[in-house]
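The structure presented is a predicted model; accordingly, all values stated were derived computationally and were not measured.
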2 protein chains.
Amino acid sequence: MSNGVNAKDVARLAGVSQSSVSRVFFGGASVSEKTRQKVLAAAEELGYIPNEFARSLITNKSKIIGLVMKGIKNPFYPQVLKEFTVAFKKLGYSILFVHTNHDEIQKEDVKMLLHYNVAGVIITDAALSLNLSEDFKKFKIPLVLFNRKVEKQEFFSVCTNNLEASRQIAEFLIQKGCTDMVYISGDRNTSTSLEREKGFFEVVEKHQLPYERYDSDYSYQGGYDTTRLILKKGRIPSAFFVANDIMSFGVLDALREHSIEVPGQVKVVGFDNIDMASWPIYNLTTWEQPISEMVDETVEYMLAEIEEYTGATGNVEIRGKLIKRKTT
Amino acid sequence: MSNGVNAKDVARLAGVSQSSVSRVFFGGASVSEKTRQKVLAAAEELGYIPNEFARSLITNKSKIIGLVMKGIKNPFYPQVLKEFTVAFKKLGYSILFVHTNHDEIQKEDVKMLLHYNVAGVIITDAALSLNLSEDFKKFKIPLVLFNRKVEKQEFFSVCTNNLEASRQIAEFLIQKGCTDMVYISGDRNTSTSLEREKGFFEVVEKHQLPYERYDSDYSYQGGYDTTRLILKKGRIPSAFFVANDIMSFGVLDALREHSIEVPGQVKVVGFDNIDMASWPIYNLTTWEQPISEMVDETVEYMLAEIEEYTGATGNVEIRGKLIKRKTT
DNA sequence: CTGAAAGCGCTTACAG
DNA sequence: CTGAAAGCGCTTACAG
């Protein structure tokens with residue numbers, strides 16, 4: 001008896017058929033104004049709420065979007081979660097949240113999503129195997145990689161223009177007089193870190209300047225430890241380009257501990273422009289990822305694919321911009 | 001046709017009835033080992049996935065927990081979200097994530113949850129009206145307020161021992177020689193902020209020491225602005241007790257900007273013990289909220305109520321502990 | 001242990 | 001525009 005009252009009850013009270021009740025609530029069907037009023041009044045009186053399960057069962061479409069997320073500790077992602085939730089809610093969709101510990105999501109991570117016959121799936125901060133993606137293709141479930149992409153364009157992905165961004169960051173630092181630069185990478189099996197590295201070094205090489213790469217992991221601790229390691233060697237580069245903001249904070253804190261002046265002795269540029277980047281203590285120069293636009297683009301694709309599945313792939317890039325603050 | 005293959009297909013291939021297929025997958029029923037094997041083999045071959053909607057429709061129970069969250073910008077909450085997701089997943093439950101902008105959640109926030117006939121609802125960082133809670137009661141949906149409670153115990157709530165915590169914090173600061181203290185509150189319509197205030201001042205008063213309260217909003221900016229305001233008055237208290245960590249960082253940054261030494265001139269104590277509290281730049285003394293235990297307690301209640309609804313109310317408090325770091 | 005059948009609450013051709 | 005009926009994919013008494 002679901003939550004007590006069903007369409008039949010409403011129909012009885014309104015003196016119409018169950019079909020009419022359904023037509024009023026499902027929309028798109030023709031109902032006389034008189035019937036509509038009777039039904040709505042009866043529904044109001046009884047506190048009728050259509051059962052979404054029954055609806056999904058018969059339409060074979062759910063109004064649930066699966067959102068798979070790994071890096072919840074990076075404030076960038078909660079923000080993304082929030083924006084997706086708000087955007088989809090307006091469209092009548094709910095978010096089924098899945099947390100994964102895996103860089104490449106596993107069958108077990110998405111099993112539930114298939115059980116619920118989700119309308120679409122968004123994966124952030126993680127990749128997935130072609131193998132697993134077959135399941136989605138088979139069931140015609142649209143899929144978007146958010147802030148990740150895959151070499152061969154087997155998926156639809158939405159990112160910021162990482163390559164161009166890191167090129168601009170390099171140009172900017174060089175113009176500021178930096179000659180000796182370090183890139184601190186995120187997880188090197190993520191497309192975002194690799195692209196940022198590529199664009200950055202491309203320009204640095206073009207200018208025939210020395211550079212070095214240190215591998216880290218997108219975490220505060222990673223940025224902090226890596227910087228201490230570098231300083232231990234007695235080496236102070238003229239600039240750090242760091243693969244995300246949260247690592248940059250670790251870098252800045254390590255520099256502060258060694259009383260190295262920023263931006264006097266070293267300049268630091270991050271990536272993401274999370275809220276904390278504007279905190280006075282950090283005041284970090286960084287690349288703004290336009291989350292809202294990236295979300296909008298994702299939602300638009302999703303909706304189109306839900307409407308009519310094509311399985312279209314491709315990498316969409318949304319232009320971000322350099323936010324200049326006090327670390328450069 | 002859901003995701004292509006249903007129980008009937010499996011039954012046909014396995015040479016058994018659909019009922020048997022159901023018995024194998026739903027569990028709790030007696031099936032011969034031979035039948036089970038035949039069914040599992042057929043299911044494997046066809047890639048059968050039971051349709052959760054049909055299941056929920058007939059059992060009138062969903063395996064979905066609604067999680068309503070407001071303060072996603074405070075890193076405490078993403079952590080809570082993650083732990084709930086992991087804990088419930090182990091039990092076969094999925095998380096339907098709802099974001100609200102309201103201090104007191106609204107009908108529209110939870111409408112979807114009723115549509116999906118959720119097995120239970122957890123509300124974090126927000127309150128709800130008695131009015132709205134009637135809906136949950138009516139549908140016998142168990143409800144937990146997480147990290148919030150309501151005066152008259154109309155709900156089941158899980159918190160840390162805020163009152164005792166803030167008393168201990170006061171004792172600790174007094175013992176450290178602080179004589180003139182300030183409490184920076186969070187939103188004053190939240191039980192957590194009020195309890196922390198109450199316990200703290202209770203002890204301070206007992207010692208007949210002067211104190212002052214400044215109202216803020218649980219945000220970094222709030223802590224920062226409030227502290228600047230206080231300093232502008234030319235006043236430097238001997239300690240700040242701040243209603244949460246993220247505000248404490250604002251406090252510390254404002255103090256740093258004014259070159260006020262911590263803990264030399266002023267001591268600062270936060271609340272939550274989020275990851276950032278241990279960052280070397282902050283190294284904040286704070287009260288650890290035992291998230292995992294709070295989550296476990298919530299899950300346990302939920303499960304019991306799902307099993308057999310009683311609508312039991314009450315406030316459960318989980319002991320946290322003082323984490324002493326460099327700001328005291 | 002197993003199968004045939006009813007039924008969960010809906011949507012949607014089909015007639016009228 | 002409207003109603004009667006079929007059916008979505010399951011679970012679960014009911015018989016055997």
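At least one side-chain nitrogen or oxygen of A/Ser32 sits closer than 4.0 Å to the OP1 or OP2 atom of D/dT2.
Checking C/dT11, D/dC10, D/dT12 against every side-chain atom of B/Thr59, the shortest atom distance belongs to D/dT12.
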Practice task
Please step through salt bridge (Lys or Arg N to Asp or Glu O under 4.0 Å) for the pair B/Lys89 and A/Asp109, ending with a clear verdict.
Solution key: CA-CA 9 Å; B/Lys89 186 182 179 180; A/Asp109 294 322; 3.4 Å; yes
Problem - Full working for side-chain hydrogen bond (donor to acceptor under 3.5 Å, both in side chains) between A/Tyr218 and A/Asp125 - result: CA-CA 11 Å; A/Tyr218 280 130; A/Asp125 193 29; over 6 Å; no
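Within residues 10-22 of chain B, the residues approaching DNA chain D are B/Gln18, B/Ser19, B/Ser22, by heavy-atom distance under 4.0 Å.
If you check the side chains of B/Ser62 and B/Tyr93, you find no donor sitting under 3.5 Å from an acceptor.
Remark: P of C/dT11 and CZ of A/Phe26 are 6 Å apart, rounded to the nearest angstrom.
Considering only residues two or more places apart in sequence or on other chains, B/Gln79 meets the side-chain contact (heavy atoms from CB on, under 4.5 Å) condition with A/Lys73, B/Glu83, B/Ile291.
Between the B/Asn6 side chain and the B/Asp9 main chain, a donor and an acceptor come within less than 3.5 Å of each other. Looking at A/Glu293, its side chain never comes within 3.5 Å of a backbone N or O of A/Ile318 through a donor-acceptor pair.
Nucleic acid contact for A/Thr35: sugar-phosphate only, since backbone atoms but no base atoms lie under 4.0 Å from a heavy atom of the residue.
Along DNA chain D, the nucleotide nearest to A/Arg23 and the one nearest to B/Ile58 differ in position, and the one closer to the 5' end is contacted by A/Arg23.
D/dC14 is paired with C/dG3 under the criterion used here, namely a Watson-Crick or G-U wobble arrangement in which both key atom distances are under 3.5 Å.
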